[in-house]
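Down below is the structure, laid out as structure tokens.
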Amino acid sequence: MSEQMLIIDNLKVSAGETTILNGLNLSIGMGEVHVIMGPNGAGKSTLANVLMGHPKYNILDGDIKFQGVSINDLKANERAKLGMFLSFQYPEEIPGITVENFLRSSKAAITDKPLKFMEFRKALKEKMNLLEMKDEYATRFLNEGFSGGEKKKSEILQLLMLEPKLAILDETDSGLDVDAVKIVASGVKQYMNSEHSVIIITHHNNILEYLKPDYVHILMDGQICHSGDINLIKKIEKDGYDSFRA
Amino acid sequence: MNSTNNITKAKNIESSLSKTVNRKMNNEKQKTIIDDLDRGIYDIKDEFDYGFKTESGLTPEIVREISSKKNEPTWMTKFRLKSLQIYNNLEVPPWGPDISELDIDNIITYVKPKTDMKTSWDDVPSEIKNTFTRLGIPQAEHASLAGVGAQYDSEVVYHKLKENLLKQGVIYTDMESALRDYEEVVKKYFMTCVPPSDHKFAALHGAVWSGGSFVHIPEGVHVDIPLQSYFRSNAPGAGQFEHTLIIVEKNASLHFIEGCSAPKYSVNNLHAGCVELFVKENARLRYSTIENWSKNMFNLNTKRCIVEKDGLIEWVSGSFGSKVSMLYPMSVLKGEGARSEFTGVTFAGHGQHLDTGTKVIHAAPYTTSVVNTKSISKDGGSAVYRGSLKVLKSAHHSKATISCESLMMDNISTSDTIPAIALLNDEVDIGHEAKIGRISDDAIFYLMSRGVSEEEARAMIVRGFVEPIAKELPLEYAIEMNNLIKLELEGTIG
């Protein structure tokens, strides 16, 4: 077994009075690509947000370990500094700060080092080309007035620039046309290597044809109820989620 | 058409934060509410030394004394005494923030610094010069300004204009010299735009005004780099009543910058200045202000501009300091095709009540006005937009747009929008938009998930919010505003 990136042990999570995750277990090895699928309302986005440290959720029980360190009590920015990244399902619009300036602040905060201006510029331009984003996006305000597809590209651009160790993609492929899925997938592909792990939360098979996951998990009723390889997806498509219900 | 009043109000919007975070914020808030932030250079007080000052309170004798000390012509002495009479007969406005704490009988109306006006910084007494040096005024003059005036308490201590502008006939001097050297011009314009009968504090101003700047730009002259006057109030318990009179003649243009600050004292100070601007046919004037008074200041300032045919007035206004501000720069669009643009930002912290806005009167056809304001309130501060738009019967084919946005940093701060719109003409195009909101937790989480701290995430959002205004400010003030936002926010989060 490869070195562990993330270990989720018996995680119980509530938002207000409602319990959403109910004893969830999951281990992600270094360099692995995991897919989490499941019916609407199963807790997939909750899992993504809890992993990143959204203050709306309370951890009732269990533990999240990132590279051997318990992160239950860490704030989102501290988790980002350890190397975690969440690509949001609905990225926020932040008026008044440009994509480039934001990425600069973000990168400097994560690395705790001043940036080399030219190097940063060059890298940004490269990644934007890869994602087929026009140069002008660098000077636009972060996600403001971006279309659904542009917002998702902006998330992947941030992923590529910030180079985290673990990327959690929360429905990054939702609402994208076939061409955009391909572009986003190629961005994620560029990120993937033996030291980077990826968790993909999705409803669609489309993106998985490009990304070739190692493991597929089904999240239902706040737990991982079934795990398998890519063949599991075919079974889901054929029989639906109900056939996996315990 | 009848007038429409539209009041939007939002207070104590419920937080959607989780219990844990709420608790945390409350703890930190209790710990960190700061009455007096470290305002750095602004709060350095000079020893209170003066050449002459009046007794507290206001009598005809005091007014005569001020006038005679200044060797004014008789008409001005009479003008002052008449204003005092009006002042005594007028009531404090019944609307707006509570100013009952302001005891005018305890405000010293005139404090003469121990120097006359100089045209070289070397001649300004060193302790006064040091104050302006700390504020960066001589450096800015050297680097990016066409002329500088510096007022210390009641009198102007320095005034200088670049040689090439002098040659083009530009006049930039203090009001006292103007009254002496250009008496007829001053007499023609002085307090015709803002008459003493306008309101109680305009009357007070008419009675005890002192200092301020006089600018005259001759026809067709374009002043490419800005002129700047800086008003510094140092004496405790004193009032500052500077008068600024600017006339931009036909086809001429000017950018004028006004900066204000004062150190904090435990007694209340009063600022009741008056700004009168005359923009002639096809002339342009940009009037930028950053008011950063200390938090014991009652800032009851009156600013007004009359714009002739095809002229343009651009107001850029930043209100940060003071305990109470009532400030509503007004544009009277008198000539056909006249335009007014108002850009304002207000930042009200703990113990501050900043009631700011603008008034526009469309009095001629094809006139245009744009109002764009942003306000931020935190730690129980109150930021109010109070505006008035009036389109007269004669002003057909006029166009007005108003946009006000407010951001509340917490649940104890308040923000109101009170725009009054009166349309006496059907052939007009009016747009009005008001937004009041608070920083969303999801936006903070989004930024934090990219590595920035909660404090920096908030500052980013606030800076982004005021960005459209910041870019209108003169550079050094835009930087100052960003620093101020940082300073003001540092207390919010542990």
Side-chain angles (χ1 to χ4, degrees), chain A residues 14-17 48-59 73-99 101-112 141-144 151 154-155 158-159 161-164 168 170, chain B residues 14-28 343 345 372 374 376 403 405-407 433 435 437-473 478 481-482 485-486 493-494:
Chain A
S14 71
E17 301 298 307
N49 281 290
V50 167
L51 289 178
M52 205 62 223
H54 196 300
K56 190 167 95 183
Y57 302 101
N58 298 315
I59 295 180
D73 296 329
L74 295 187
K75 291 180 178 174
N77 57 315
E78 294 164 330
R79 298 182 194 206
K81 283 187 172 193
L82 289 180
M84 297 178 71
F85 179 90
L86 171 61
S87 167
F88 285 68
Q89 187 178 359
Y90 304 109
E92 290 286 322
E93 300 194 7
I94 314 287
I97 179 158
T98 64
V99 169
N101 284 341
F102 173 64
L103 275 171
R104 210 188 291 279
S105 311
S106 178
K107 183 84 181 171
I110 282 176
T111 56
D112 256 333
F141 293 148
L142 186 59
N143 301 332
E144 195 192 33
K151 280 184 182 165
S154 159
E155 293 293 281
Q158 294 177 43
L159 168 70
M161 289 303 291
L162 300 178
E163 300 174 296
I168 305 156
D170 187 8
Chain B
E14 270 307 308
S15 162
S16 60
L17 283 172
S18 76
K19 281 177 199 159
T20 29
V21 172
N22 250 336
R23 198 171 57 234
K24 208 167 211 175
M25 284 184 63
N26 286 340
N27 286 343
E28 274 156 358
T343 308
V345 60
N372 189 1
K374 304 248 184 183
I376 298 159
S403 155
E405 280 188 68
S406 318
L407 189 63
E433 191 187 348
K435 273 196 257 177
R438 59 186 299 280
I439 293 185
S440 97
D441 303 322
D442 285 328
I444 291 176
F445 174 60
Y446 182 66
L447 297 178
M448 286 178 74
S449 80
R450 302 300 187 246
V452 299
S453 67
E454 180 166 355
E455 183 187 299
E456 179 54 22
R458 277 174 193 276
M460 267 183 183
I461 291 169
V462 173
R463 278 200 299 266
F465 176 74
V466 299
E467 195 272 352
I469 311 274
K471 71 175 189 223
E472 295 300 319
L473 297 175
M481 185 167 86
N482 271 344
I485 286 172
K486 217 172 159 190
I493 303 291

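Throughout, a chain's letter reflects where its sequence line sits, starting with A, and its residues are numbered from 1.
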Chain A contact via B:Phe465 - which portion, at a heavy-atom distance below 4.5 Å
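Answer is backbone: N, CA, C or O of B:Phe465 sit under 4.5 Å from chain A.
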Atom pair CG (A:Asn77) and CE (B:Met448), whose distance is rounded to the nearest 0.5 Å:
4.0 Å
Without placing hydrogens or testing angles, list every side-chain donor-acceptor pair under 3.5 Å for residues 81-89 of chain A, not counting sequence neighbours.
unit_1	atom_1	unit_2	atom_2	d
A:Ser87	OG	A:Thr172	OG1	3.0
A:Gln89	OE1	A:Ser45	OG	3.1
A:Gln89	NE2	A:Glu171	OE1	3.2

Sort out for me which of B:Val466, B:Ile461, B:Leu447 touches chain A most, counting heavy-atom pairs under 4.5 Å.
B:Leu447
Below 4.5 Å from any heavy atom of chain B, which atoms of A:Phe141 appear? Answer side chain, backbone, both or neither.
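Contact with chain B: side chain only.
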Between side-chain atoms of residues 101-108 of chain A and protein atoms elsewhere (two or more places apart, or another chain), which donor-acceptor pairs fall under 3.5 Å?
unit_1	atom_1	unit_2	atom_2	d
A:Asn101	ND2	A:Thr98	OG1	3.3
A:Arg104	NH2	A:Glu100	OE2	2.5
A:Ser105	OG	A:Asn101	O	3.0
A:Ser106	OG	B:Arg450	O	2.5
A:Lys107	NZ	A:Met161	O	2.9
A:Lys107	NZ	A:Glu163	OE1	3.2

When only pairs under 4.5 Å are counted, which of A:Pro164, A:Gly96, A:Ala109 shares the most heavy-atom pairs with chain B?
A:Gly96
Any chance the side chains of A:Ser154 and A:Asn143 put a donor and an acceptor closer than 3.5 Å?
yes
